[in-house]
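Here's the structure we're looking at; comments come further down.
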Number of protein chains: 2
Amino acid sequence: MSLSDFVKEKRALTKLTQPELAEKAGVGLRFLRELEQGKATLRLDKVNQVLGLFGYEMGPVERDRNLL
Amino acid sequence: MSLSDFVKEKRALTKLTQPELAEKAGVGLRFLRELEQGKATLRLDKVNQVLGLFGYEMGPVERDRNLL
DNA sequence: CTTTTTTATACCCTAAATGGTATAAATAGT
DNA sequence: ACTATTTATACCATTTAGGGTATAAAAAAG
C-alpha cells in the first residue's frame, strides 16, 4: 500500500476533509494534496506531522513486502 | 531504532564509506551526512534512494514500536 | 437537475534543502 | 608517537518544496 493511499484511507476513516486534516496536522493544504497524490519529493518531517495524527510515522520497511 | 541509526548500521555492515554510499545511492555527500545525523527535514525521495540499496524504503509504521 | 461541498489545478513568493567544496576534527592503522 | 583515512563542520549557489490563493473540476447532498 502506498503512502498516499494510506493517508487517504486514514482520512476517510476519520471523516475529515483535506482542509481539516491539513489544519490539524499543521501543514498547508497544498502539501496534504500533494501527499495524497503521491508526490515523491515531500519533506519527511511534514509527512510525519500528518501520520502522527493517526499514530504512525515514517520508518524503513522492507521493499515489496505488502503489509496486509 | 531511528532512521539515522538504521542507515549507519546498514552502511557499517556493507563496509562502505559515506562518499561511497552517497555515490552509489546517487545523493550528495552532504545529504547522506545529514541523514546519518538525524536531520528531520529531508526529502523523502532522497532517503528512499539510500534505503533502496539495502532493500528498504520509507513507509508508515506504528509509532513507539521499536523494530528490533 | 441544482446547489453545496470537496477536491484538483495553476499561479506567485519565500524559505530552505541539496549539491559542491574547503577546512577541521576525529578515528583507524602502522 | 605519526600518518592515512574517515567523518564533521562551514560556507556559497542553485533549485525547489511548501504556503497561500484563486479558479476549475468533481462529488455529494438536496
Side-chain angles (χ1 to χ4, degrees):
Chain A
M1 188 191 220
S2 70
L3 175 60
S4 58
D5 287 339
F6 181 87
V7 173
K8 279 189 276 192
E9 175 155 322
K10 287 294 184 187
R11 184 170 65 80
L13 291 175
T14 54
K15 299 196 193 310
L16 292 169
T17 65
Q18 289 176 342
E20 286 166 346
L21 177 54
E23 210 242 348
K24 277 184 180 289
V27 301
L29 180 55
R30 261 272 314 278
F31 175 85
L32 185 66
R33 293 194 166 140
E34 290 173 337
L35 171 57
E36 291 199 355
Q37 287 162 27
K39 185 176 179 182
T41 60
L42 299 169
R43 256 176 51 180
L44 196 51
D45 62 326
K46 298 281 174 187
V47 177
N48 282 329
Q49 281 179 242
V50 175
L51 295 189
L53 292 179
F54 305 127
Y56 285 77
E57 68 187 345
M58 290 296 273
V61 296
E62 292 185 62
R63 288 187 79 257
D64 67 58
R65 158 180 290 181
N66 12 349
L67 13 146
L68 187 134
Chain B
M1 189 191 219
S2 69
L3 174 61
S4 58
D5 287 339
F6 181 86
V7 172
K8 279 189 276 192
E9 175 155 324
K10 286 295 184 186
R11 184 170 65 79
L13 291 175
T14 55
K15 301 199 193 307
L16 292 168
T17 65
Q18 288 176 343
E20 287 166 347
L21 179 53
E23 209 243 350
K24 276 183 180 289
V27 302
L29 180 54
R30 261 273 316 279
F31 175 85
L32 184 66
R33 293 193 166 142
E34 290 172 336
L35 171 58
E36 291 199 355
Q37 287 164 23
K39 185 176 178 182
T41 60
L42 299 167
R43 254 176 55 178
L44 195 50
D45 62 326
K46 300 280 172 191
V47 177
N48 282 328
Q49 281 178 240
V50 176
L51 295 189
L53 293 179
F54 305 126
Y56 285 77
E57 68 188 346
M58 290 298 272
V61 297
E62 293 183 61
R63 289 187 79 258
D64 72 62
R65 130 174 177 229
N66 23 348
L67 13 145
L68 189 136

Practice prompt. Using atom NZ of Lys15(A) as one end and atom P of dT5(C) as the other, report the distance to the nearest whole Å.
Written response: 18 Å

Worksheet item: Can you check whether Lys46(B) has a side-chain N or O nearer than 4.0 Å to OP1 or OP2 of dG19(C)?
Response: yes

Fill in: Distance below 4.0 Å between Gln18(A) side-chain N/O and dT5(C) OP1 or OP2
no

Worksheet item: Looking at dT18(C), dC11(C), dT7(D), which one has an atom nearest to any side-chain atom of Glu34(B)?
Response: dT18(C)

Discussion item. Over all strands shown, is Leu42(A) touching base, sugar-phosphate only, or nothing at heavy-atom distances under 4.0 angstrom?
Written reply: sugar-phosphate

Worksheet item: Starting at the 5' end of DNA chain D, which residue's closest nucleotide do you reach first, Gly26(A) or Gln37(B)?
Response: Gln37(B)

Discussion item. From C-beta outward on Arg33(B), which listed nucleotide comes closest to its side chain: dA8(D), dT18(C), dT7(C)?
Written reply: dA8(D)

Practice prompt. Give the rounded distance in Å between these two atoms: CG of Leu35(B) and P of dG19(C).
Written response: 11 Å

Worksheet item: Knowing that exactly one of Arg11(B), Lys10(B), Lys8(B), Arg30(B) qualifies, which makes a salt bridge (Lys or Arg N to Asp or Glu O under 4.0 Å) with Glu36(B)?
Response: Arg11(B)

Worksheet item: Taking the side chain of Arg30(A) as its heavy atoms from C-beta onward, which of dG19(C), dT6(C), dT21(D) lies nearest to it?
Response: dT21(D)

Worksheet item: To the side chain of Arg11(B), which of dA8(C), dT6(C), dT7(D) is closest?
Response: dT7(D)

Discussion item. Please pick, from dG19(D), dT18(C), dT6(C), the nucleotide with the shortest atom-to-atom distance to any side-chain atom of Lys39(B).
Written reply: dT18(C)

Worksheet item: Does atom CD of Glu20(A) have more than 12 heavy-atom neighbours from other groups under 6.0 Å away?
Response: yes

Practice prompt. Take Pro19(B) and Arg43(A), find for each the nucleotide of DNA chain D with the closest heavy atom, and name the residue whose nucleotide sits nearer the 5' end.
Written response: Pro19(B)

